[in-house]
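Reviewing the structure listed below.
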Amino acid sequence: MILYNSLGQTKQEFVPHTPGKVNMYTCGPTVYHYAHIGNLRTYIMEDVLEKYLRFSGYDVNRVMNITDVGHLSSDADTGEDKMLSGAKREHKTVMEIAKFYTDAFFADCEKLNIKRPDVVEPATNCIDDFINMISVLLEKGYAYIAGGNVYFDTSKLDNYYVFGNMNEDDLAVGVRDSVEEDENKRNKADFVLWFTKSKFDSQELKWESPWGVGYPGWHIECSCISYKHCGEYLDIHCGGIDNAFPHHTNEIAQSEAFLGHKWCPYWFHVLHLNDARGKMSKSKGGFLTVSLLEEKGYNPLVYRMFCLQSHYRKPLTFSYDNLDNTATAYNKLVKRISALSRDGEPDMAKAEELTKGFCEALDNDLNTSLALTCVYDVLKADADDATKLYVIGEFDKVLSLDLTKVPESNKADADDDFAKKVEELIAQRTKARADKDWATADAIRDKLKEMKVVVKDTKDGIEWHVEG
């Protein structure tokens with residue numbers, strides 16, 4: 001499998017640290033508000049990656065954090081904790097906000113057929129782990145205490161800007177002009193590992209630490225949670241492109257300083273979803289959610305297909321016209337598949353042949369658009385329905401579009417057609433019996449039996465029902 005690696009900015013063969021096993025980490029949501037559909041594009045593409053790795057035979061351990069403390073409203077360790085901001089907005093406690101929006105996030109994931117990761121760990125579960133890692137960084141000289149807070153010292157590193165697209169002069173990319181510089185930092189790229197009340201006394205969640213009562217910075221949580229559940233070697237780290245700097249840059253810095261060796265060789269970043277105003281973002285207000293799409297009559301899986309039609313490394317532009325086009329294509333596709341006969345057994349040699357193009361598409365940097373095209377190729381292929389249905393079912397283990405589920409509208413049509421067929425057969429059998437054509441009557445009886453239809457003569461006429 002070839003994947004684009006943000007760390008080297010090239011396509012590379014994916015080779016995990018332990019053959020056959022993949023430790024995969026995906027940055028989870030900050031649960032202060034609903035996830036917007038731009039956020040969810042990233043989780044959809046990560047879901048496809050995980051499912052394709054499993055489809056390819058890997059034993060995958062996927063870990064995700066839930067940020068319920070420490071994520072500030074700016075990239076420069078200033079502003080207000082987003083969780084506290086959400087609690088104030090809704091007049092609830094931080095933990096009430098965290099619980100509500102964590103549940104809402106996974107409800108959205110379920111609607112989009114996004115598999116729940118093997119491990120989901122809230123940051124507030126891991127305070128002792130954070131304190132331990134920070135203590136080691138201080139002992140090794142990679143961190144320092146200033147103004148009551150603990151900072152990571154980026155000057156201790158040979159190369160802090162590991163993604164190759166940033167340098168010290170470009171730091172404005174990660175720090176907004178409206179943010180005041182933190183005077184406690186030795187270097188402007190340094191970042192906070194632990195805040196104390198000398199920084200933010202209004203914080204609701206606080207813990208005892210060797211450096212005073214306080215709470216962890218955002219970046220330390222992913223390093224610790226990954227180390228806790230994946231060990232010293234992570235195979236692939238995923239997230240949105242906006243996390244590459246400073247969040248993922250800082251994760252690499254602190255993890256490798258703590259471990260003393262290279263940590264994660266592959267980095268998988270998904271590009272933004274844009275709308276008419278540019279990058280979709282909560283800060284702009286009026287952001288789109290899965291629930292809003294549902295209220296407008298869209299099946300959430302139409303949005304999933306909309307995302308799969310584009311490559312994860314290209315910006316994707318959302319509009320309702322584009323979504324309408326995808327809805328039409330999705331409904332037609334599902335209808336075509338539902339018309340395939342459910343009878344017979346698949347030709348496994350033919351199925352293997354039909355699967356090659358699908359695997360080639362996803363092996364080439366997760367080309368989901370081409371993988372979707374392979375579904376149409378199967379429908380057009382010279383193969384029987386049983387084989388087509390089997391192959392599309394296999395593809396859907398990765399695409400997760402419910403392609404082989406019969407739509408409710410089709411079921412209703414099928415029920416009507418079935419009832420019509422039964423009534424016709426009963427009428428034919430009644431006529432055959434009246435004509436003393438016992439052979440035809442018996443043949444129809446056997447046919448009804450095959451259909452599991454039980455026929456009963458009553459004083460009100462013939463009644464029938466389907467058995468079990």
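Just so you know, these numbers come straight off a predicted model, no measurement behind them.
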Let me see the working for D235 and K21 under side chain to side chain contact (heavy atoms under 4.5 Å, CB included), right down to the final yes or no. CA-CA 9 Å; D235 292 305; K21 294 183 180 295; 5.8 Å; no
Does the K388 side chain pair with the main chain of L379, one donor and one acceptor, at a distance under 3.5 Å? yes
Below 6.0 angstrom between ring centroids: does that apply to Y151 and F191? no
Side-chain touch T26/L49, heavy atoms, less than 4.5 angstrom: no
In plain terms, say whether K350 and E353 are close enough for a salt bridge, that is, a side-chain N and a carboxylate O under 4.0 Å apart. yes
Between the main-chain N or O of C230 and the side-chain N or O of N23, is there a donor-acceptor pair closer than 3.5 Å? yes
What do you reckon, are the aromatic ring centroids of F130 and W207 less than 6.0 Å apart? no
Please state whether the rings of H219 and H247 are parallel, tilted or perpendicular, taking 30° and 60° as the class boundaries. tilted
Among Q254, E251, E256, whose side-chain hydrogen bond (donor to acceptor under 3.5 Å, both in side chains) with S223 holds? Q254
With side chains defined as the heavy atoms from C-beta onward, is the minimum distance between Y390 and D347 less than 4.5 Å? no
Using the test ring-ring contact (aromatic ring centres under 6.0 Å, His included), find all partners of Y227 that sit at least two apart in sequence or belong to another chain. F258
Please determine, by modelled atom types, if Q309 and T326 share a side-chain donor-acceptor pair under 3.5 angstrom. yes
Sub-6.0 Å ring centroid separation between Y25 and H229: no
Give a yes-or-no answer on whether the side chains of N274 and T317 include a donor-acceptor pair shorter than 3.5 Å. no
Just how far is it from atom CG of L401 to atom CG of L372, taken to the nearest 0.5 Å? 6.5 Å
Is the distance from the ring center of H71 to that of Y32 below 6.0 Å? no
Is the closest side-chain heavy-atom distance between H311 and S369 below 4.5 Å? no
F163-H269 aromatic ring centre distance below 6.0 Å: yes
Should the pair H237 and W267 be assigned to parallel (<30°), tilted (30 to 60°) or perpendicular (>60°) ring geometry? parallel
Would you say the side-chain atoms of R342 pair up with the backbone N or O of L340, donor to acceptor, closer than 3.5 Å? yes
Please examine the side chains of F100 and Y34, heavy atoms only from C-beta on, and report whether any two atoms are closer than 4.5 Å. yes
If the condition is salt bridge (charged side-chain N to carboxylate O under 4.0 Å, His left out), which residues does E46 pass it with, not counting sequence neighbours? R62
Is there a side-chain contact between L157 and Y142, using heavy atoms and a 4.5 Å cut-off? yes
Under the salt bridge (charged side-chain N to carboxylate O under 4.0 Å, His left out) test against R54, which residue among D47, D118, D59 passes? D118
Parallel, tilted or perpendicular: rings of H261 and Y233 (30°, 60°): parallel
Using a distance-only test with no angle check, is there a side-chain donor-acceptor pair under 3.5 angstrom linking Y312 and D365? yes
